Amino acid sequence: MIYRSLTTQEITLLMQRACIASNWQRITVHKDFLPESLYNVHFSGDIQIGCMNNIHILPGGIECPSGIRNTKLHNVSIGDNCYIDQIPNGISNYTIGNNVRIISTNKLIVDKSTSFGNGQTVAVLDETGGREITIHNALSAQLAYIQTLYRHRPILTKQLSILSEQYAQQHNSSKGSIGDHVHLISCGSLCNVNIGSHAHLEGVARLTNCSINSNADDPIHIGHGVIADDCILSSGCHIDEGSMLTRCFVGQACHLRQSYSAVDSLFFANCHGGNGEACAIFAGPYTVTHHKATLLIAGMFSFMNAGSGSNQSNHMYKLGPVHQGIMERGAKAASDSYVLWPARIGAFSLVMGRHVNHPDTTDFPFSYLIEYKQQTLLVPGINLKTVGTMRDAAKWPKRDKRKDKYLLDQINFDLLSPYTIQKIWNGRQRLQQLIVAEGASCEVYSINNTQIHNSALKKGIQYYELALNQFLGHALIDRLKHQDLTSAEKIHATLHPQTNVGQGEWVDIAGLIAPKSELKFLLQQIEEGTIKQIEDINAAFAEIHKQYHTLCWRWAYDKLEEYYQISLSKVTSEQLIHIVRQWESAELQIKQMVCEDAKKEFSQESMTGFGADGLELDKRLDFEQVRGHFEDNEFVQNIIKQMQEVQVVAEQLIHILKKSTNELSTTKNDKESLL
């Protein structure tokens with residue numbers, strides 16, 4: 001677009017409309033510029049103004065013609081059809097896009113050369129420093145994970161810092177930008193802030209040194225009373241209702257509201273914070289806290305729900321608040337629970353009561369940690385049979401609110417995966433070793449600062465074996481379905497892995513489940529300088545995520561052979577049928593236990609408080625009107641349907657396998673495959 005200088009007639013008209021300029025010659029305008037669209041504007045520095053020929057419809061149906069009124073502008077470029085009014089302390093050093101509304105905002109300025117929050121260091125996990133990471137627009141949960149936790153590789157840490165600083169410098173400027181279709185309404189002080197297209201800011205109190213990475217696909221909303229200093233806000237996030245953020249990264253589709261307070265913290269995709277506070281936390285995807293008096297501090301979380309009044313503490317120290325803790329994916333903190341760091345809570349575990357003895361239950365996922373006589377009582381594996389665990393696994397994919405075409409975080413939603421199954425494998429072995437070491441009649445076993453009752457230990461082994469049969473059987477069936485299984489040769493070819501990558505230990509990289517060997521290879525590339533920019537690291541994580549199912553089968557292949565004591569390269573139909581039967585039995589047992597757990601929600605005790613002023617019959621009728629019947633519950637019906645499908649799949653596959661033989665020749669006409 002070609003801009004022109006103002007004509008003498010236009011300057012005269014502008015002056016008549018209370019406009020003032022330190023130098024009219026430094027103002028250029030669109031060829032269709034209308035001086036009538038400006039009133040009471042003070043110009044200084046270099047100014048560029050687009051055409052103003054449309055009508056803005058404000059909330060309530062109020063019509064306002066585009067234009068600039070009652071504003072001070074300094075070194076500003078304004079796009080087409082903007083509506084700017086009542087900016088008493090002015091707009092300085094900004095490029096503003098098209099169709100932007102800026103109304104009743106105190107000031108919008110860039111007062112120095114800045115990277116708009118890019119390059120800001122955040123003292124995550126350790127308030128005293130030592131794990132500081134550099135935040136920027138392209139920060140993913142996986143990148144933050146390795147930058148935070150892999151301090152034992154100083155070359156890696158240094159290289160990541162260099163790449164992050166380079167990225168920040170690329171975004172350094174003495175002029176800010178406001179994208180297209182941005183709305184800034186009744187805001188306070190906005191200083192050194194970049195704002196992406198389609199962002200909606202209304203009633204914001206203060207933003208300083210921030211990047212608002214909004215776009216048309218996934219706009220950002222920042223609402224009343226919000227204060228954010230030195231922050232990066234990613235696409236789709238909503239910050240509202242007096243929330244206060246200092247040195248924070250807020251990931252895609254995160255919601256922080258109801259006066260939530262956070263300092264030196266990282267929030268990744270789909271996190272939700274309300275009422276409480278966070279200090280120096282690494283909140284991986286789906287970390288959720290809704291309640292007042294809930295504190296998350298110096299911890300790493302993901303797929304986590306913090307109950308009302310739950311908190312942690314790193315304050316029993318002599319050299320400063322240096323203690324930290326990890327609650328692995330899916331761990332929950334019950335209301336009024338407390339954990340004294342350092343501690344490590346296993347995946348998909350529930351913490352109830354106070355725990356001050358620094359438990360480490362990483363090898364015992366799906367457990368309860370219960371306060372009992374000032375000790376931590378561990379109930380291993382029990383969460384495998386609870387309705388809440390299965391409901392969570394079903395709801396997380398549905399609650400992915402990200403709409404951006406470029407997803408920063410790679411998220412695996414599998415409840416059972418090589419990561420959790422390897423822990424179940426280890427946990428089962430350790431429980432069995434406890435029986436051998438302390439005897440089968442021992443009443444209470446001790447391990448990793450926890451206590452396990454005899455009955456809980458034996459049931460834990462049973463739960464873990466069910467999970468092993470469930471996962472390994474499912475992996476086998478998933479591999480065999482829709483394949484030609486008419487001969488042993490074809491079965492063996494189908495089962496043969498496509499790669500050797502995926503063997504050994506797996507890790508959860510803040511939502512991404514991956515072989516440790518692949519992570520190690522990526523880290524070596526970063527250390528050697530093969531990877532030269534931040535975006536390439538994120539792309540590498542995305543590729544690992546894409547290969548998950550292939551790599552998962554490579555891992556499951558070895559575990560199937562070890563667990564069932566077979567060779568899959570020589571496996572017989574009878575052996576495969578045995579595994580399918582074990583899978584079917586495990587699936588049905590677990591789902592039946594889940595149904596029994598769900599039935600408790602419809603028990604007589606659950607009806608307490610219903611039918612408050614009536615008889616027993618009124619209580620039940622009131623309950624049924626509100627909660628429905630157990631048999632009609634949608635979740636329960638889905639479980640029953642899944643149980644039926646399990647039986648159908650098992651019988652179909654067994655029927656096919658029975659037709660095949662251990663020989664290399666079979667009737668060629670038998671082309672059945674698993675549906």
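Only a predicted model underlies this, so the values are computations on that prediction, with no experimental measurement involved.
If you check the side chains of Asn215 and Ser197, you find no donor sitting under 3.5 Å from an acceptor. Between the side chains of Thr530 and Gln525, no donor-acceptor pair of N or O atoms lies under 3.5 Å. Under the 3.5 Å distance criterion, with hydrogens and angles disregarded, a donor-acceptor pair is assigned to the side chains of Gln324 and Arg131. Side chains of Thr114 and Asn192: no donor on one and acceptor on the other come within 3.5 Å. With hydrogens and angles left out, the side-chain atoms of Gln524 and Glu528 include no donor and acceptor closer than 3.5 Å. Between the side chains of Asn275 and Thr294, not a single donor N or O lies within less than 3.5 Å of an accepting N or O. Looking at Glu132 and Thr121, their side chains never bring a donor and an acceptor atom within 3.5 Å of each other. Arg101 and His56 share a side-chain donor-acceptor pair at under 3.5 Å. Between the side chains of Ser44 and His74, at least one donor N or O sits under 3.5 Å from an acceptor N or O. Residues Tyr419 and Asn412 bring no donor and acceptor atom of their side chains to less than 3.5 Å of each other. A side-chain donor-acceptor contact under 3.5 Å links Asn89 and Asn106.
Remark: the backbone N or O of Cys51 is not paired with any side-chain donor or acceptor of Asp32 at under 3.5 angstrom. Looking only at distances, no side-chain donor or acceptor of Gln312 sits under 3.5 Å from a matching main-chain atom of Gly299. Looking only at distances, no side-chain donor or acceptor of Thr71 sits under 3.5 Å from a matching main-chain atom of Ile68. Side-chain atoms of Gln142 come within 3.5 Å of backbone atoms of Ile509 as a donor-acceptor pair (strictly under, hydrogens ignored). Under the 3.5 Å distance criterion, the side-chain polar atoms of Asp85 are left unmatched by any main-chain donor or acceptor of Ile103. Not one N or O on the side chain of Asn194 forms a donor-acceptor pair closer than 3.5 Å with the backbone of Cys210. Gln252 places a side-chain N or O within donor-acceptor distance of the main-chain N or O of Leu408, the cut-off being under 3.5 Å. Judged by distance alone, the side chain of Asn270 and the main-chain N or O of Lys401 form a donor-acceptor pair under 3.5 Å. The closest donor-acceptor contact from the side chain of Asp409 to the backbone of Ala141 lies under 3.5 Å. At distances below 3.5 Å, not a single donor-acceptor pair connects side-chain atoms of Arg257 with backbone N or O atoms of His238.
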Derivation and outcome, side chain to side chain contact (heavy atoms under 4.5 Å, CB included), residues Asn53 and Asn81
CA-CA 6 Å; Asn53 57 14; Asn81 299 314; 2.7 Å; yes
Stepwise side-chain hydrogen bond (donor to acceptor under 3.5 Å, both in side chains) check, Glu543 with Gln547:
CA-CA 6 Å; Glu543 183 59 28; Gln547 298 297 321; 3.1 Å; yes
So His272 and His290, side chain to side chain contact (heavy atoms under 4.5 Å, CB included) or not? Walk me through it.
CA-CA 7 Å; His272 189 118; His290 291 279; 3.7 Å; yes
Check against side chain to side chain contact (heavy atoms under 4.5 Å, CB included), Ile49 and Phe43:
CA-CA 11 Å; Ile49 303 174; Phe43 300 105; 3.9 Å; yes
side-chain hydrogen bond (donor to acceptor under 3.5 Å, both in side chains) between Glu277 and Ser261, intermediate numbers included
CA-CA 5 Å; Glu277 58 181 313; Ser261 170; 5.1 Å; no
Would Asn118 and Ile135 satisfy side chain to side chain contact (heavy atoms under 4.5 Å, CB included), going step by step from the backbone distance to the final call?
CA-CA 6 Å; Asn118 288 277; Ile135 61 173; over 6 Å; no
Evaluate salt bridge (Lys or Arg N to Asp or Glu O under 4.0 Å) for Lys403 paired with Asp217, printing each intermediate quantity in order.
CA-CA 6 Å; Lys403 300 181 182 68; Asp217 294 318; over 6 Å; no
Show your working on side-chain hydrogen bond (donor to acceptor under 3.5 Å, both in side chains) between Glu202 and His200 and close with a plain yes or no.
CA-CA 7 Å; Glu202 183 168 3; His200 186 106; 3.2 Å; yes
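Of all non-hydrogen atoms in Gly176 and Phe116, the two that sit nearest each other are CA-CZ, 3.6 Å. Between Leu201 and Leu207, the shortest heavy-atom distance links the atoms CD2-CD1, 3.5 Å. Considering every non-hydrogen atom in both Thr208 and Val193, the closest pair reads N-CG2, 4.3 Å. In terms of heavy atoms, Asn99 sits closest to Asn54 at OD1-ND2, 3.5 Å.
One finds the CD1 atom of Ile78 at 10.0 Å from the OG1 atom of Thr95 (value rounded to the nearest 0.5 Å). In this structure, CG on Leu6 lies 8.0 Å from OG1 on Thr28, to the nearest 0.5 angstrom. Leu245 contributes atom CG, which lies 11.5 Å from atom CG of Asp264 (distance to the nearest 0.5 angstrom). Considering CH2 of Trp396 and CZ of Arg391, their distance stands at 10.5 Å, rounded to 0.5 Å. Annotation: the span from Gln25 atom CD to Ile47 atom CD1 amounts to 13.5 Å, rounded to 0.5 Å. To the nearest 0.5 Å, the span separating CD1 on Ile195 from OG on Ser211 amounts to 10.0 Å.
Ion pairing between a basic and an acidic side chain is recognised when a charged N comes within 4.0 Å of a carboxylate O; Asp46 and Arg26 show such pairing. In summary, Asp400 and Arg402 engage in a salt bridge, as defined by a charged side-chain N under 4.0 Å from a carboxylate O. Between Asp392 and Lys332, at least one side-chain N (NZ, or NE/NH1/NH2) sits under 4.0 Å from a carboxylate O, which counts as a salt bridge. A salt bridge is defined here as a Lys NZ or Arg NE, NH1 or NH2 lying under 4.0 Å from an Asp or Glu carboxylate O, and Arg329 with Asp508 meets this definition. Glu10 and Arg4 are joined by a salt bridge, as a carboxylate oxygen and a charged side-chain nitrogen come within less than 4.0 angstrom of each other.
A heavy-atom distance below 4.5 Å is found between the side chains of Val250 and Ile239. Looking at Val76 and Asn93, their side chains never come closer than 4.5 Å, going by heavy atoms from C-beta outward. For the pair Ile297 and Glu127, the minimum side-chain heavy-atom distance is below 4.5 Å. With contacts defined as side-chain heavy-atom distances shorter than 4.5 Å, the pair Asn213/Asp404 does not qualify. In this structure the side chain of Asn137 reaches within 4.5 angstrom of the side chain of Ile232, judged on heavy atoms. Between Leu14 and Leu38, some side-chain heavy-atom pair lies under the 4.5 Å cut-off. Between Ile212 and Ile222, some side-chain heavy-atom pair lies under the 4.5 Å cut-off.
The number of heavy-atom neighbours closer than 6.0 Å to NZ of Lys395, taken from other residues, nucleotides and ligands shown, is above 12.
Using cut-offs of 30° and 60° on the angle between ring planes, the pair His136 and Tyr167 is tilted. Relative ring orientation between Tyr3 and His30 is described as perpendicular, the plane-to-plane angle rising above 60° on a 0-90° scale split at 30° and 60°.
Results of the ring pair (Phe, Tyr, Trp, His ring centres under 6.0 Å) test with Phe268 over Tyr286, Phe249, Phe301 single out Phe249 as the only residue that passes.
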